[in-house]
Amino acid sequence: MAGSSGNSPETHVIGYRAAEQLLAARDPRGAVRLLDPVIAAHPENTAARLLRARAFFAAAQLRPAQLEFELVLEREPDNAFAHFALARTHQRAGRPGPARRHFRLAAALDPNPEYLRAARFDEGSAGEPPAGPQGRGGS
């Protein structure tokens, strides 16, 4: 590729797809490394930010995960998956109040059985959902 600096839109798409594969292969830190230049070039890209948040969560980097999920929710307040994943992040960090709030928002936005179980409306507390935010990529 003559004149290619490695920062073309095609390179960013390839980086995003490769990051998806690394996350699926349980290499979240590798996924974050690939997503950093994508997000630097396209900070408005919510899908890339959501994927990076999932990678941070999988790498147990809870504060960066929280910040990314919150940024996604600022842009897409009706993203049920982002609420669910943020709730799991709060739960894993030992913050049951914010976890409960976001589990319930996720369930209110999307009656996904996993979200409803986690919201545990009948018990008044956030439950233990079976999976983390590695599952779905978004709404």
**Partner residues of L109 under the side-chain contact (heavy atoms from CB on, under 4.5 Å) criterion, sequence neighbours left out** = D78, A80, H83
**Asked** Would you say L73 and L105 are hydrophobically clustered, going by side-chain heavy atoms of ILVMFWY under 4.5 Å?
**Response** no
**Message:** Can you list everything that forms a side-chain hydrogen bond (donor to acceptor under 3.5 Å, both in side chains) with Q61? Sequence neighbours excluded, please.
**Reply:** none
**Asked** Heavy-atom distance under 4.5 Å between the side chains of R54 and F81, does that happen here?
**Response** yes
**Residues E114, R117; criterion salt bridge (Lys or Arg N to Asp or Glu O under 4.0 Å); working and verdict** = CA-CA 5 Å; E114 186 176 13; R117 275 192 308 276; 5.5 Å; no
**Asked** If you draw the axis of the six-membered ring of F57, does the NZ or CZ of R92 fall within 45° of it and under 6.0 Å from the ring centre?
**Response** yes
Mind listing the side-chain donor-acceptor pairs of residues 21-40 below 3.5 Å, one per line with the distance, residues two or more places apart or on another chain?
from	atom 1	to	atom 2	distance (Å)
D27	OD1	G30	N	2.9
D36	OD1	R52	NH1	2.7

**Closest approach of P96 to G94 (non-hydrogen atoms, all atoms of both residues)** = CD-O, 3.2 Å
**Asked** Quick check: are there more than 12 heavy atoms from other residues, nucleotides or ligands sitting under 6.0 Å from CZ of R101?
**Response** no
**Asked** Which pairs pass ring-ring contact (aromatic ring centres under 6.0 Å, His included) with one or both residues in residues 13-33, sequence neighbours excluded?
**Response** none
**Pairing residues for E74 by the side-chain hydrogen bond (donor to acceptor under 3.5 Å, both in side chains) criterion, not counting sequence neighbours** = none
**Item:** Residues that R49 engages under salt bridge (charged side-chain N to carboxylate O under 4.0 Å, His left out), provided they are two or more places apart
**Value:** E68
**Request:** Report yes if the side chains of F103 and Q91 come closer than 4.5 Å at any heavy-atom pair, otherwise no.
**Result:** yes
**Asked** Under 3.5 Å, is there a donor-acceptor pair between the H12 and H42 side chains?
**Response** yes
**Message:** As an exercise, state the distance from CG of L67 to OG1 of T89, rounded to the nearest 0.5 Å.
**Reply:** 10.5 Å
**Asked** Under 4.5 Å between side-chain heavy atoms, hopping through other hydrophobics if needed: is there a path connecting F84 to F56?
**Response** no
**Request:** Identify the two heavy atoms, one from A87 and one from H102, that lie closest to each other, and give their separation to 0.1 Å.
**Result:** CB-CB, 3.6 Å
**Complete:** So CG of D110 and CG of N79: to nearest 0.5 Å the spacing works out to 10.0 Å
